[in-house]
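Everything below concerns the one structure shown next.
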Number of protein chains: 2
Amino acid sequence: MAKKYVYFFGNGKAEGKGNQKDLLGGKGAGLAGMSSSGVPVPPGCTITTETCRYYYANKKKLPKELAAQFKQAMDKLQKSLGKKFGDSKDPLLVSVRSGAKFSMPGMMDTILNLGMNDQAVKGLSEKTGNARFAWDAYRRFIQMFGNVVMEIEKNDFEKELESVKEEKGVHLDTELDTADLQKVVDLYKNLVKSKTKQAFPQDPWKQLEQARDAVFKSWMNPRAISYRRLNKIPDDIGTAVNVQAMVFGNMGNDCGTGVGFTRNPSSGEKVFFGEYLTNAQGEDVVAGTRTPKPIKELDKDMPNVYKQLREITSRLEKHYRDMQDFEFTIEKEKLFMLQTRNGKRTGIAAVRAAVDMVKEKLISQEEALMRIEPDQIAQLLSPVFDANEKGGAVKSGRLMAKGIDAGPGAATGRVAFTADRAVEMKSDGPVVLVRPETNPDDIEGMVAAEGILTAIGGRTSHAAVVARGMGKPCVVGCGALKIDIEEKVVAVNGTSLKEGDYISIDGFTGEVITGQVPTLPSEVVRVFRGELDKKQAPMFQYFETVMKWADATRKIGVRTNADVPRDAKMARALGAEGIGLCRTEHMFFAPDRLPFMQKMILCDNEEQRRESLAKLLPFQKEDFKGLLKEMKGHGVTIRTLDPPLHEFLPKNHEEASILSQKINVPADRIMQKTHELHEFNPMLGHRGCRLGITYPEITEMQVRAILLAAGELQKEGIKTVPEIMIPLVGNVKEYQDQAAVVRRVADEVKKDTGVKVKYLLGTMIEVPRAALTAGEIAAEAEFFSFGTNDLTQMTLGFSRDDAGKFTKVYLDKKIFADDPFQTLDQTGVGRLMKIAVEDGKKIRQDIKLGICGEHGGDPESVKFCHRAGLNYVSASPYRVPVARLAAAQAVIEGKKKK
Amino acid sequence: MAKKYVYFFGNGKAEGKGNQKDLLGGKGAGLAGMSSSGVPVPPGCTITTETCRYYYANKKKLPKELAAQFKQAMDKLQKSLGKKFGDSKDPLLVSVRSGAKFSMPGMMDTILNLGMNDQAVKGLSEKTGNARFAWDAYRRFIQMFGNVVMEIEKNDFEKELESVKEEKGVHLDTELDTADLQKVVDLYKNLVKSKTKQAFPQDPWKQLEQARDAVFKSWMNPRAISYRRLNKIPDDIGTAVNVQAMVFGNMGNDCGTGVGFTRNPSSGEKVFFGEYLTNAQGEDVVAGTRTPKPIKELDKDMPNVYKQLREITSRLEKHYRDMQDFEFTIEKEKLFMLQTRNGKRTGIAAVRAAVDMVKEKLISQEEALMRIEPDQIAQLLSPVFDANEKGGAVKSGRLMAKGIDAGPGAATGRVAFTADRAVEMKSDGPVVLVRPETNPDDIEGMVAAEGILTAIGGRTSHAAVVARGMGKPCVVGCGALKIDIEEKVVAVNGTSLKEGDYISIDGFTGEVITGQVPTLPSEVVRVFRGELDKKQAPMFQYFETVMKWADATRKIGVRTNADVPRDAKMARALGAEGIGLCRTEHMFFAPDRLPFMQKMILCDNEEQRRESLAKLLPFQKEDFKGLLKEMKGHGVTIRTLDPPLHEFLPKNHEEASILSQKINVPADRIMQKTHELHEFNPMLGHRGCRLGITYPEITEMQVRAILLAAGELQKEGIKTVPEIMIPLVGNVKEYQDQAAVVRRVADEVKKDTGVKVKYLLGTMIEVPRAALTAGEIAAEAEFFSFGTNDLTQMTLGFSRDDAGKFTKVYLDKKIFADDPFQTLDQTGVGRLMKIAVEDGKKIRQDIKLGICGEHGGDPESVKFCHRAGLNYVSASPYRVPVARLAAAQAVIEGKKKK
């Protein structure tokens with residue numbers, strides 16, 4: 001028996017099967033699947049991918065058997081529709097499309113209306129009663145076929161069209177009438193003749209052959225090759241060719257077209273959802289030239305069709321076991337499904353639909369967990385703009401600029417240009433902090449603000465990281481803004497806002513809008529804050545259901561990065577099982593503490609420094625008590641001082657003068673210290689354990705504060721698990737130096753208080769050398785926490801504060817697939833992590849392994865950490881649910897691979 | 001037969017052998033060796049290390065056989081010397097010392113004059129005719145024994161001594177007379193009694209036993225344990241105990257003491273060299289209280305002793321096959337050798353002695369190569385201060401400060417505080433450039449200066465690296481200097497110098513001296529410069545001999561880092577086999593080019609940039625021609641632009657104004673650009689291939705210049721091997737992007753000129769991620785050059801411009817064994833290099849591997865590169881001979897290991 005190269009589909013049957021993607025390509029298999037399950041699709045046939053492979057393996061010759069099989073299928077098609085190619089009464093028109101196993105959008109243009117010729121145009125005119133439509137379809141076909149198959153520049157056709165419009169003195173295509181379009185067709189035919197030295201093919205069979213061959217040829221065009229290289233699609237799988245009858249929804253009032261969803265894609269509610277138009281083409285619904293009707297009205301217009309549509313789409317949802325996004329056309333009361341696919345949805349809808357489908361027994365819990373993108377969970381936590389209000393604002397020209405969406409959520413408030421002003425202005429109402437960039441000095445201002453907007457920086461800039469940690473909407477890197485701090489003005493292209501003017505930022509989209517845009521609060525957060533009863537919060541219940549399932553599935557722990565009890569409390573509510581990173585330095589920026597810190601830095605000798613440190617100790621002790629209390633029973637990893645000391649000092653003489661009065665040190669002396677401490681590359685400078693090694697008294701004070709805090713709680717009967725973490729270790733001897741200080745202080749505290757506090761002692765792995773010598777370090781340290789922010793900076797040699805200047809080019813040129821500060825670079829940084837995990841475990845089998853970089857809240861990175869064998873990830877509070885879900889997905893994905 | 005625990009030596013015999021270090025310890029084996037080869041050493045015996053091991057394996061009990069064997073040996077000692085323990089005429093006094101296999105200096109104090117008691121002190125008084133000396137020896141013995149053996153605090157003895165001095169109203173020990181010292185002895189005895197509840201042991205045999213046991217005990221004192229841990233000496237090898245008769249050179253004019261060398265340790269010349277004093281103790285020669293006589297005069301004073309000394313020392317040199325540094329004592333015309341060891345020597349002496357010894361057939365060529373520390377070779381290339389002149393200057397208080405010796409050599413000149421002034425002042429005579437620090441702007445000034453002195457920075461700071469590259473003396477990090485650029489004054493502790501005042505810097509020692517100190521030029525360099533005929537340059541011939549031997553031995557190639565033909569030429573003379581790194585940006589700092597570069601940076605669009613670049617092209621082409629010509633036939637690796645663009649721009653408004661007039665761009669615009677380009681961590685910023693990727697036109701211009709230069713030389717019949725190197729690649733896609741530009745330009749150049757230039761295309765491995773993904777990169781790149789400066793910065797997370805602030809603490813705390821920017825961190829950075837070598841070779845077997853960081857000129861690092869399988873190292877021109885020698889040593893060391 002001859003090999004089968006062509007598979008027919010239509011009339012409730014199909015020769016192929018829905019799962020034959022390898023042979024029929026994605027689209028072909030889909031059409032076969034729909035057709036055989038009785039869904040009315042316009043009939044047609046698929047030429048297999050095997051044909052394409054044969055073509056390339058045999059010097060671009062097609063198999064002998066093909067011609068006959070193809071003809072047979074097309075005859076069947078004509079027969080089944082009662083239409084004929086080139087018929088002057090009711091011509092058959094088809095579309096020809098490529099279709100590989102994997103979607104390759106834009107690889108080749110689609111050819112529509114194939115079969116059109118001088119006869120068929122008459123037939124179509126008659127059939128539709130619309131000669132203009134028929135002639136327009138003809139000229140479009142010539143243009144499409146001429147370009148794709150005959151390789152004539154699109155521009156050449158455009159010129160001809162323009163000439164006719166010019167002659168007539170009109171500007172729009174729609175202003176051309178039938179006679180004009182007939183003229184265009186003539187001109188196009190002449191163009192084809194002059195360019196190709198042959199007439200435009202009138203024989204639909206010839207058209208079909210040429211279109212088919214063009215699809216096969218297109219498989220190896222440079223665009224397609226490069227697309228496959230980028231998307232790691234093999235070159236040798238080939239494409240199928242799909243030939244499908246055209247259907248028209250614009251042949252009269254018994255025709256129509258529409259789009260819809262099987263559930264509400266915004267809310268996830270199980271309601272039939274969609275719009276349609278009678279006597280219209282597909283594009284009319286989308287184009288917005290006519291106002292479409294709600295799908296319910298179809299029930300009145302064509303009750304049978306409506307019933308059939310509901311029945312089909314609910315069948316499709318069951319078949320694909322997911323919410324469907326579908327397109328349909330009605331030709332003379334006959335329904336055709338043109339496409340169905342899993343529908344895109346908001347995070348809220350994803351959660352609700354997934355949980356509902358489990359209740360409906362449509363999918364399993366594990367499937368439900370896989371249906372929600374972990375990032376979508378974050379949407380349930382963020383306030384959102386009222387979509388109508390925002391749309392209105394944009395339409396009325398209030399869109400000011402667009403930056404990078406760095407912290408999800410919506411914020412509206414009055415512009416403040418400094419952290420201090422933000423704090424002051426907050427008492428009068430909501431504030432948005434607008435800065436060229438932020439730094440640790442701005443923390444209090446960020447706490448006060450509803451949202452943060454910066455001109456500089458990327459998704460992991462200080463502003464972005466801190467904002468996400470606080471769950472604040474944030475837009476960064478909005479380079480178009482000209483911010484004048486002195487004049488207190490932010491301007492862009494003529495629009496300008498002064499301090500106190502209202503501004504709105506959308507952290508989902510990066511949009512910056514002038515004036516107020518009303519927001520809707522997040523239900524989930526309001527429940528956790530105690531502002532809403534959970535019984536009145538259905539979305540909260542959906543959220544908790546998903547989280548419960550995720551927790552039951554995941555293996556890796558999820559902690560949070562938190563520096564203050566306020567954040568720790570929210571993180572606990574959001575499911576954090578401990579603190580993976582407390583940055584002790586953040587505590588020093590509070591206005592009542594900073595002067596002590598500054599005075600300490602300005603000291604000339606150890607004795608003076610110890611005096612200043614003694615004044616900071618009670619503050620730190622209380623901070624730690626608060627954190628340990630919130631996390632009772634769970635581990636709390638506290639990092640000793642990390643940033644370079646100059647970050648705490650005034651940057652200019654004015655600031656120095658103010659400080660001078662506060663701490664009674666001459667401003668000149670302050671500025672001198674600022675200069676002394678200046679560094680060319682502070683990122684690689686005097687910070688981390690290098691501070692503790694040069695000033696052991698700082699480590700001493702911090703460790704004493706931790707152990708005293710834990711001891712006092714222990715006395716109150718509260719269980720504490722402090723984990724002291726030494727930052728920026730690159731050499732085991734650095735760790736040994738600091739570990740000796742910690743052990744010594746622990747002995748002293750035990751002696752002084754009589755309480756023995758159990759603690760773990762470990763280190764960050766954030767310097768590449770630490771990963772490379774992890775075996776040596778593991779011999780001493782009880783835990784590793786991968787500080788992947790710095791590890792990424794050093795491994796890639798990228799300063800994240802500076803990289804913004806060229807990462808756009810890198811993403812455009814596809815040098816980076818993702819921003820490496822957002823999604824872990826598994827190849828490079830990941831290899832270092834694997835080395836460290838392997839070498840560390842070899843020396844200390846039960847070493848505790850975690851990650852506390854920003855990546856701890858990124859789904860792909862969480863999954864990597866699961867695979868790499870880490871014990872936990874630590875994410876900023878509002879990313880904790882994201883990490884929980886991703887961790888569960890990692891387990892499910894792991895099962896599938898087995 | 002009972003086991004032998006005690007080995008006697010003396011009288012031209014020894015029971016042990018010189019190679020029995022395991023059994024006798026280092027010192028014991030040495031004494032046995034000398035003694036058995038007939039060298040007169042004070043006789044004595046060694047208790048074996050095995051005894052110590054027995055002691056610790058048997059609950060601190062000594063083997064039964066020991067007591068008898070020890071007694072026997074000591075009896076033999078008394079007999080051989082005709083002296084007796086505690087004798088009131090001629091008492092035997094001995095020293096007791098520890099001596100493990102490996103030297104452990106300071107582990108235990110030596111006990112001298114053991115055997116001293118109330119009788120012996122009289123005997124010694126009589127024998128020496130110096131009662132004060134005898135009583136002083138007695139009180140010192142009690143003090144030493146009391147502290148080391150009886151564990152009484154040193155301070156307790158000091159207090160007693162002080163009380164006697166106070167009573168007498170004197171300040172110095174030497175002001176005490178015999179009676180006073182007798183009083184001290186009494187007080188000491190009482191102290192011992194009160195502290196230990198027993199009298200000071202008068203029985204020398206008791207003293208001896210206790211001292212012996214104390215030595216064994218000391219093996220496990222915390223100091224020794226920690227010393228062994230740090231130096232990786234096993235704990236279980238034990239120490240020997242050496243008991244040796246005391247000899248005295250101060251018993252009259254037939255006595256004496258001296259030190260000497262078998263060859264001149266400064267010049268290496270084979271002449272007997274030394275000094276001595278009659279009637280003196282060893283320390284008198286060193287103390288400088290009496291002026292010693294040249295050793296030749298001993299020939300007159302005691303011709304027989306002189307003859308014997310010459311005979312013995314030349315025998316020792318033959319025995320140890322190396323120049324000896326010896327100490328001797330003459331007791332009543334009897335010569336005793338107290339110590340002999342291989343003598344320390346200058347680089348010049350090391351080279352000369354090694355070559356001479358090969359000629360004398362004393363050692364082999366390979367041994368000669370191992371005798372010279374590679375760094376010492378650099379001394380043959382550097383001008384040196386006349387030692388007498390410098391000594392005089394220091395004595396007269398002209399030593400101003402001491403910094404870090406960063407570039408060997410001596411320089412004297414007038415102070416210039418800016419590069420421009422250095423250039424201007426040079427026409428009137430030698431200049432020393434004095435700067436807080438240097439940067440690329442200062443290059444021309446550094447070229448003009450004789451030497452460079454900076455207040456900030458370490459051995460691999462810009463100043464140090466560039467100075468060494470130029471072979472200029474350089475002192476850096478001289479923090480004591482207060483440099484006021486505005487006022488043109490450098491001051492330290494009251495001494496200050498103005499612009500134009502003379503200053504002298506010693507790059508060997510870091511000394512900074514006011515005024516002129518005359519220098520002696522390096523012979524070798526003068527020959528290479530053509531200023532001296534090599535026949536008149538014996539040191540040049542020695543140098544060339546060593547280099548010839550090294551080249552015949554080494555396997556790894558040695559290239560140079562050079563940017564200008566001048567440096568390339570010297571490097572060739574010094575043996576460079578190609579250029580491993582040409583930094584193209586250095587060419588842009590010349591005054592005639594910089595404005596074009598600056599204008600290019602200030603351009604707003606590609607077209608303008610291309611115009612500016614076109615003006616730079618002819619300069620670059622000529623530079624490359626010069627380099628390729630100097631290196632004809634050898635590889636020349638040219639790196640495309642590397643530093644961030646802001647390095648080329650003015651830093652302040654004043655500089656901007658000057659530039660503004662030159663290039664007709666408003667100063668405000670210039671400063672705006674400076675601000676725009678400002679980076680927080682320029683080291684990790686917009687530089688390296690990131691520039692070429694964002695501005696491909698820069699890469700294009702540079703590649704065009706390289707290929708045009710090579711093409712023109714090719715036409716002249718000169719062979720060229722250009723190797724184009726892409727910097728800072730961390731991702732293979734970066735490399736692909738730049739490689740595509742290079743290949744395209746190569747095609748264009750071929751089309752334009754008709755000349756096809758062969759070139760290699762490769763990359764630096766300087767970002768950790770490049771090493772971690774070396775396999776991917778090797779699939780594309782034809783060579784790797786390890787840029788270990790940046791690789792060290794990123795792997796360790798250390799900015800070398802900033803690390804100076806804490807590396808001292810790190811070196812003090814022994815966190816760093818060496819400065820990682822000077823000597824490659826083999827554990828961390830080395831592991832990355834090995835990963836890259838292994839993965840790279842797996843993908844491309846014949847990949848060319850080199851190193852172009854500063855480490856390429858560091859001996860230990862060169863050896864590592866040899867072992868790691870690199871093809872070549874690249875060193876700054878004046879380090880090329882160092883690398884050649886180190887490379888040869890690596891081969892010899894490798895043979896030994898097999």
Side-chain angles (χ1 to χ4, degrees), chain A residues 437 644 676-688 690-691 693-695 728 730-734 736-737 766-773 776 790-803 805-806 808-810 813-817 820 825 827-832 835, chain B residues 644 676-688 690-691 693-694 728-734 736-737 766-773 776 790-803 805-810 813-817 820 825 827-832 835:
Chain A
E437 66 197 312
E676 266 174 45
L677 293 180
H678 171 262
E679 292 182 310
F680 297 101
N681 295 289
M683 169 62 217
L684 307 176
H686 196 177
R687 52 173 285 242
R690 298 163 195 175
L691 292 172
I693 288 168
T694 41
Y695 307 112
L728 213 73
N731 187 315
V732 68
K733 288 180 184 162
E734 294 176 313
Q736 286 165 337
D737 179 284
E766 57 186 332
V767 173
R769 195 181 188 280
L772 293 162
T773 60
E776 290 177 9
D790 279 4
L791 193 59
T792 299
Q793 295 200 79
M794 295 183 206
T795 305
L796 273 61
F798 267 80
S799 157
R800 55 177 191 180
D801 294 323
D802 300 309
K805 285 175 187 160
F806 52 92
K808 202 194 155 318
V809 176
Y810 267 53
K813 288 198 171 191
K814 298 201 192 300
I815 291 169
F816 285 162
D825 159 38
T827 317
V829 178
R831 184 171 183 184
L832 275 183
I835 287 173
Chain B
E676 266 174 46
L677 293 180
H678 170 262
E679 293 182 309
F680 296 101
N681 296 289
M683 169 63 216
L684 307 175
H686 196 177
R687 52 174 286 243
R690 297 163 196 176
L691 292 172
I693 288 167
T694 40
L728 213 71
V729 165
N731 186 314
V732 66
K733 287 180 186 165
E734 294 176 314
Q736 286 165 337
D737 179 284
E766 55 185 332
V767 173
R769 196 181 190 280
L772 292 162
T773 60
E776 289 178 9
D790 279 3
L791 193 59
T792 299
Q793 296 199 79
M794 295 184 207
T795 305
L796 273 62
F798 267 79
S799 157
R800 56 176 191 181
D801 294 322
D802 300 311
K805 284 174 188 160
F806 52 92
T807 34
K808 202 192 155 316
V809 176
Y810 268 52
K813 289 199 171 190
K814 298 202 193 300
I815 291 170
F816 286 162
D825 160 36
T827 316
V829 178
R831 185 171 183 185
L832 275 183
I835 287 173

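We use all heavy atoms of the structure for the numbers below, so side chains are in, but hydrogens, waters and symmetry mates are not. In what follows, chains carry the letters A, B, and so on, assigned in the order in which the sequence lines appear, proteins first and then strands, with residues in each chain numbered from 1.
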Output yes when a side-chain donor or acceptor of N731(A) lies under 3.5 Å from a complementary backbone atom of I815(B), and no otherwise.
yes
Within the structure provided, determine whether E734(B) and Y810(A) are in side-chain contact (heavy-atom separation under 4.5 Å).
yes
Contact between L684(B) and L684(A) at the side-chain level, heavy atoms closer than 4.5 Å - yes or no?
yes
For the residue pair R831(A) and I835(B), establish whether any side-chain heavy-atom pair is separated by less than 4.5 Å.
yes
R769(B) vs T827(A) side-chain heavy atoms within contact, under 4.5 Å
yes
Comparing A803(B), G828(B), G797(B), G685(B) against chain A, the one with the most heavy-atom pairs below 4.5 Å turns out to be G797(B)
Tell me, for V767(B) versus chain A, whether the close heavy atoms (under 4.5 Å) come from the side chain, the backbone, both or neither.
both
So, the part of E676(B) with a heavy atom under 4.5 Å from chain A: the answer is backbone
Could you look at D825(B) and say if it's the side chain, the backbone, both or neither that has a heavy atom under 4.5 Å from chain A?
side chain
Below 4.5 Å, heavy atoms only, C-beta onward: do F806(A) and L691(B) meet side chain to side chain?
no
So do the side chains of D802(B) and N681(A) get within less than 4.5 Å of each other, counting heavy atoms only?
yes
Check whether any side-chain heavy atom of M794(B) lies under 4.5 Å from a side-chain heavy atom of T795(A), and answer yes or no.
no
Are any of the side-chain heavy atoms of F798(B) and R690(A) separated by less than 4.5 Å?
yes
Keeping the roles fixed (side chain from K813(B), backbone from I693(A)), state whether a donor-acceptor pair exists under 3.5 Å.
yes
Residue pair F680(A), R800(B): steps toward the side chain to side chain contact (heavy atoms under 4.5 Å, CB included) verdict:
CA-CA 9 Å; F680(A) 297 101; R800(B) 56 176 191 181; over 6 Å; no
